[in-house]
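Numbering starts at 1 and runs along the sequence shown. Note that ligands are numbered from 1 as they come in the structure, with each ligand's atoms numbered from 1 the same way. Just so you know, these numbers use all the heavy atoms, side chains as well, and skip hydrogens, waters and symmetry mates.
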Amino acid sequence: MKTNIKRDIIKLKKEKNAVILAHYYQPQEVQKIADYVGDSYYLSKIGLDCEENNIVFCGVKFMAESAKILAPNKRVFIPNKEAVCSMVNFAAKEEVLREKEKHPNAKVVSYINSLTELKTISEACCTSSSAVDIIKNIDADKILFVPDKNLGSYVSEQITDKKIILWNGHCYVHNQIKAQDIINMKEKHGQDIKVAVHPECTKEVRDLADFIGSTGQIIEYITCDNSEKFLIVTEQGINYELKKRNPNKKFYYLDMVCKSMKKTSLQDIYYCLKNETNEIIIDDEIRELAYNALHNMHILSEKCKNASVN
Ligand code: 13P
Ligand code: SF4
């Protein structure tokens with residue numbers, strides 16, 4: 001059954017001039033069939049740059065919406081429309097506008113894990129890999145950072161000459177982890193285990209990290225590091241790429257599973273391609289406003305990359 005469905009997906013993909021994108025948290029069989037797998041920043045660029053007219057986005061809804069906002073001439077589909085990131089619901093546009101009134105000089109920077117509506121009032125978006133660069137480069141001394149308080153506090157530790165106002169949102173998968181969980185794992189697996197942490201974790205957890213970064217950055221760090229064992233403090237789906245690139249290294253995990261990221265199945269991808277269902281549709285006016293924030297994300301993070309090359 002699985003062999004047939006894989007073959008059918010590949011056939012349909014060609015017929016429909018479609019590309020399949022997948023996030024590192026997706027189920028293994030989905031990552032295996034995808035044309036491109038990456039972190040949220042990489043996927044936001046690849047959707048824009050790829051040649052195909054149709055994008056099947058295996059991730060969560062805000063990722064597929066961002067792809068549509070950035071590439072309005074392409075059709076973007078999400079195989080399972082129940083796949084939504086719960087963090088986005090922490091910050092509604094109206095609430096953020098009310099908070100902004102209290103800080104007239106502040107610019108709103110929204111984590112890409114946010115509602116499209118919120119992006120329309122944001123100066124720029126950011127991902128976990130680009131947040132520090134973007135806030136460094138943005139032309140403002142005061143930032144209202146929404147919705148993730150943990151990523152926001154991580155950024156404010158790196159950039160001390162700007163005032164960063166935090167919002168009270170979080171990711172339930174990362175926020176639940178305690179410093180004691182890391183201490184227990186180190187006792188069990190050895191104090192020499194290297195600890196890689198996603199910045200959506202709390203400060204007490206980040207303080208015990210050997211490395212902090214996005215999913216893509218964690219994979220790069222581990223691939224370049226000579227240690228033998230690592231504690232991975234992010235969602236377990238990352239294990240597929242980590243093992244592929246580092247077959248001889250040992251990886252240990254905490255109980256971190258994003259239910260939404262696990263909703264997409266091969267069947268969903270097949271039906272989505274076959275019937276062209278679950279297309280992302282965004283009102284033009286809203287899309288154009290939200291585009292500015294996502295476009296600025298690419299400009300501001302590239303600006304920093306260029307600066308560090310020179
Ligand atoms: P990355 O930017 O690291 O891919 O993170 C996306 C995400 O949703 C983390 O929970
Ligand atoms: Fe959202 Fe957390 Fe899932 Fe990432 S892991 S998609 S932030 S709920």
Near [X] [atom1], under 6.0 Å, is it more than 12 heavy atoms from other residues, nucleotides or ligands?
X	atom1	value
Asp255	CG	no
Lys61	NZ	no
Lys81	NZ	no

Can you list the atoms of ligand 1 that are under 4.0 Å from a heavy atom of [X]?
X	value
Thr215	1 (P), 3 (O), 4 (O)
Tyr25	7 (C), 9 (C), 10 (O)
Ser214	3 (O)

Just by distance, no angles: are the side chains of [X] and [Y] close enough, under 3.5 Å, to form a donor-acceptor pair?
X	Y	answer
Ser214	Tyr41	no
Asn175	Asn150	yes
Thr202	His170	no
Ser122	Ser110	yes

Between [Y] and [X], is there a side-chain heavy-atom distance shorter than 4.5 Å?
X	Y	value
Thr127	Tyr42	no
His198	Cys171	no
His298	Leu70	yes

In the protein, which heavy atom is nearest to [atom], and how far is it?
atom	value
atom 2 (Fe) of ligand 2	Cys171 SG, 2.3 Å
atom 1 (Fe) of ligand 2	Cys85 SG, 2.4 Å
atom 4 (Fe) of ligand 2	Tyr25 CE1, 4.0 Å
atom 9 (C) of ligand 1	Glu200 OE2, 3.1 Å
atom 2 (O) of ligand 1	Ser40 OG, 2.5 Å
atom 8 (O) of ligand 1	Asn113 ND2, 3.2 Å

**Request:** Measure Glu200 to ligand 2 on non-hydrogen atoms and call it side chain, backbone, both or neither using the 4.0 Å cut-off.
**Result:**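 For Glu200, only side-chain atoms sit under 4.0 Å from ligand 2.
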
**Prompt:** So which of Thr234, Val60, Val257 actually passes side-chain contact (heavy atoms from CB on, under 4.5 Å) with Tyr25?
**Reply:**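 With Tyr25 as partner, Thr234, Val60, Val257 yield a single side-chain contact (heavy atoms from CB on, under 4.5 Å), made by Thr234.
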
**Asked** Strictly under 6.0 Å, is that where the ring centroids of Phe57 and His23 end up?
**Response**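 Here the rings of His23 and Phe57 have centres that are no less than 6.0 Å from each other.
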
**Asked** If you measure every N/O of Tyr41 against every N/O of ligand 1, is any gap under 3.5 Å?
**Response** no

**Message:** With respect to Ser128, determine whether any N or O atom, backbone or side chain, lies less than 3.5 Å from an N or O atom of ligand 1.
**Reply:**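 Yes, there is a polar N/O contact under 3.5 Å.
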
**Item:** atom 3 (Fe) of ligand 2 to nearest N/O/S of Cys258 less than 2.8 Å
**Value:** yes

Heavy atom of [X] under 4.0 Å from ligand 1?
X	answer
His198	yes
His23	yes
Glu235	no
Ser129	no

**Prompt:** Which atoms of ligand 2 sit under 4.0 Å from any heavy atom of Asn113?
**Reply:**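 Per the distance check, 7 (S).
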
**Asked** Considering only heavy atoms, does His174 approach ligand 1 within less than 4.0 Å through its side chain, its backbone, both, or neither?
**Response** side chain

